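Only a predicted model underlies this, so the values are computations on that prediction, with no experimental measurement involved. Numbered from 1 within each chain, the chains take letters A, B, ... in sequence-line order.
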Number of protein chains: 2
Amino acid sequence: MTETVHETTDIRLREEGQRYTGQRRELVELLANEGPLSIPEVLRGRGGLKQSSVYRNLAVLEHAGVVRRVVTEGEFARFELTEELTQHHHHLICSTCGRVEDVTVPSDLEGTLDRTLDRLARRAGFADVDHRLDLIGTCGDCA
Amino acid sequence: MTETVHETTDIRLREEGQRYTGQRRELVELLANEGPLSIPEVLRGRGGLKQSSVYRNLAVLEHAGVVRRVVTEGEFARFELTEELTQHHHHLICSTCGRVEDVTVPSDLEGTLDRTLDRLARRAGFADVDHRLDLIGTCGDCA
DNA sequence: CTTCCTGCAAAAGTTTTGCATTAAC
DNA sequence: GTTAATGCAAAACTTTTGCAGGAAG
């Protein structure tokens, strides 16, 4: 399953004339296993990675459509694999420690949401609307 | 209606031993009229305001529960009045120009959302969950 | 007259970039 | 052998802070 992710990444990068190097593979592997991570978390997660290369490689992967920037309340940017490589999901964010977990909502609610929001957005003159739904609360550890 | 906002702000600030100065009033007025604004937008919006004072005053207002930081994809932080002073709402974000508009969803959907998400979050060990729902698309001007 | 606010300039902290070296194809 | 990726150090950029002067109560 994560093998598919690597294959897709490889293809996407080649399409842009870029190489799927060991470091990039490590990044993708990390994000596939541990979800949305900030740069400090990435650096802690894998010893050898260098900060500037991590930023650069995440930018490359973002441009290739493999990774996306997640906006959170914290001071650092977070990155995750795009939904094409995983699945549509949402975030459970701890407002105390900043930790982020993935969560999916029941598909009937997801469907209702999609239809309703699309209608709303059109009415406001917006097109091609996607939604971002995050839950902010206090996680078990911080309670 | 915006008079109520000013009164509430005044009270909140006094409770913290702070003053509702002209500059703070201007900030609140701006946010009340134009929704979520970034610092550059604020500085452009009103000539005389100084950057460091704006940051400082927004921090004060945030601490007083009058203003909250909105996280967006852009490079600057955005600020808006808290929902206690306005009403529960969501954001319509243009992924091209970064503009942010307020939008409300039908209250039945809002209710369903609230109940379902609360259940989900509890199951994951999270408490006191609030949700943040944003719509990202292309606005009329950028289409 | 005491306390808080403002503005300037400098600092802090995150992210980006230039350049020489190393690795991939 | 050619083109791209890496690491280091320095730069850029947003946000925060120290300090002296000014305003508010």
Side-chain angles (χ1 to χ4, degrees), chain A residues 6-7 9-31 36-64 66-80 98 100, chain B residues 6 9-30 36-64 66-80 98 100:
Chain A
H6 287 305
E7 280 167 28
T9 304
D10 196 2
I11 292 166
R12 294 276 175 94
L13 285 176
R14 279 182 204 290
E15 281 171 0
E16 305 217 327
Q18 306 238 323
R19 299 163 186 168
Y20 197 22
T21 62
Q23 185 172 150
R24 290 175 183 173
R25 182 173 284 267
E26 258 191 280
L27 277 174
V28 169
E29 188 74 26
L30 253 180
L31 294 178
L37 297 177
S38 65
I39 269 79
E41 285 169 348
V42 168
L43 295 176
R44 248 178 270 124
R46 284 292 208 285
L49 301 185
K50 298 306 171 190
Q51 196 188 61
S52 67
S53 300
V54 169
Y55 273 111
R56 240 188 298 233
N57 282 326
L58 286 172
V60 168
L61 290 168
E62 186 178 17
H63 192 259
V66 172
V67 155
R68 87 174 190 95
R69 240 184 196 7
V70 181
V71 292
T72 68
E73 324 250 297
E75 40 222 89
F76 290 92
R78 279 174 187 275
F79 296 85
E80 68 178 2
V100 180
Chain B
H6 288 305
T9 303
D10 196 2
I11 292 166
R12 295 274 175 96
L13 286 175
R14 279 181 203 291
E15 281 170 1
E16 305 217 327
Q18 306 237 318
R19 299 163 187 166
Y20 197 23
T21 62
Q23 186 172 148
R24 291 175 183 174
R25 182 174 285 268
E26 257 190 280
L27 278 174
V28 169
E29 188 74 26
L30 253 181
L37 297 177
S38 64
I39 270 78
E41 285 170 347
V42 169
L43 294 177
R44 249 179 270 124
R46 283 294 206 285
L49 301 185
K50 297 307 169 190
Q51 196 189 58
S52 67
S53 299
V54 169
Y55 273 111
R56 237 186 303 233
N57 283 326
L58 286 173
V60 168
L61 291 167
E62 185 179 18
H63 192 258
V66 172
V67 155
R68 87 174 189 96
R69 236 183 205 352
V70 182
V71 291
T72 68
E73 325 250 298
E75 41 222 90
F76 291 92
R78 279 174 187 276
F79 296 85
E80 68 178 4
V100 180

Next on the checklist: Once side chain to side chain donor-acceptor pair (under 3.5 Å) is applied, do any residues pair with Arg69(A), and if so which ones, sequence neighbours excluded?
Outcome noted: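 Side chain to side chain donor-acceptor pair (under 3.5 Å) check on Arg69(A) returns nothing, list empty.
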Take atom [atom1] of [X] and atom [atom2] of [N], then tell me their distance rounded to the nearest Å.
X        : N       : atom1 : atom2 : answer
Glu16(B) : dT3(C)  : CD    : P     : 18 Å
Gln18(A) : dA24(C) : CD    : P     : 15 Å
Arg19(B) : dT2(C)  : CZ    : P     : 14 Å
Arg24(A) : dA23(C) : CZ    : C1'   : 12 Å
Arg25(A) : dA24(C) : CZ    : P     : 12 Å
Asp10(A) : dA24(C) : CG    : P     : 14 Å
Arg69(A) : dT16(C) : CZ    : C1'   : 11 Å

Item to check | Non-hydrogen atoms of Leu31(A) and Phe79(A) that approach each other most closely | outcome: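 Of all heavy-atom pairs spanning Leu31(A) and Phe79(A), the closest is CD2-O, 3.3 Å.
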Item to check | Minimum-distance pair of heavy atoms, taken over all atoms of Glu80(B) and Pro36(B) | outcome: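 What the structure gives for the nearest pair is OE1-CG, 3.6 Å.
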Item to check | Along DNA chain D, first and last positions that approach a heavy atom of chain B under 4.0 Å | outcome: dT14(D) to dA24(D)
Heavy-atom side-chain contact between [X] and [Y] under 4.5 Å:
X         : Y        : answer
Tyr20(A)  : Val28(A) : yes
Thr9(B)   : Leu27(B) : no
Val100(A) : Val70(A) : no
Leu30(B)  : Leu37(B) : yes

Does [X] reach a base, just sugar-phosphate, or nothing at all? Heavy atoms under 4.0 Å.
X        : result
Ser52(B) : base
Ser53(B) : base
Gln23(A) : sugar-phosphate

Checklist entry - Excluding sequence neighbours, so at least two apart, what forms side-chain contact (heavy atoms from CB on, under 4.5 Å) with Arg12(B)? => result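 side-chain contact (heavy atoms from CB on, under 4.5 Å) list for Arg12(B), sorted by chain: Thr8(B), Glu15(B), Ala64(B), Val66(B), Glu84(B).
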Item to check | Sole residue of Gln18(B), Arg14(B), Arg19(B) in side-chain contact (heavy atoms from CB on, under 4.5 Å) with Glu16(B) | outcome: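 With Glu16(B) as partner, side-chain contact (heavy atoms from CB on, under 4.5 Å) holds for just one option, Gln18(B).
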Item to check | Value rounded to 0.5 Å, distance of NE2 in His63(A) from CG in Leu61(A) | outcome: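 Separation between the atoms: 12.0 Å.
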Item to check | Close residues, residues 55-64 of chain A, relative to DNA chain D [heavy-atom separation under 4.0 Å] | outcome: Arg56(A), Asn57(A)
Find every protein N or O atom lying less than 3.5 Å from an N or O atom of nucleotides 20-22 of chain C, and list the pairs.
none

Item to check | Pairs satisfying side chain to side chain donor-acceptor pair (under 3.5 Å), at least one member in residues 50-61 of chain B, at least two apart | outcome: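 Only Gln23(B)-Asn57(B), Arg24(B)-Asn57(B) qualify under side chain to side chain donor-acceptor pair (under 3.5 Å).
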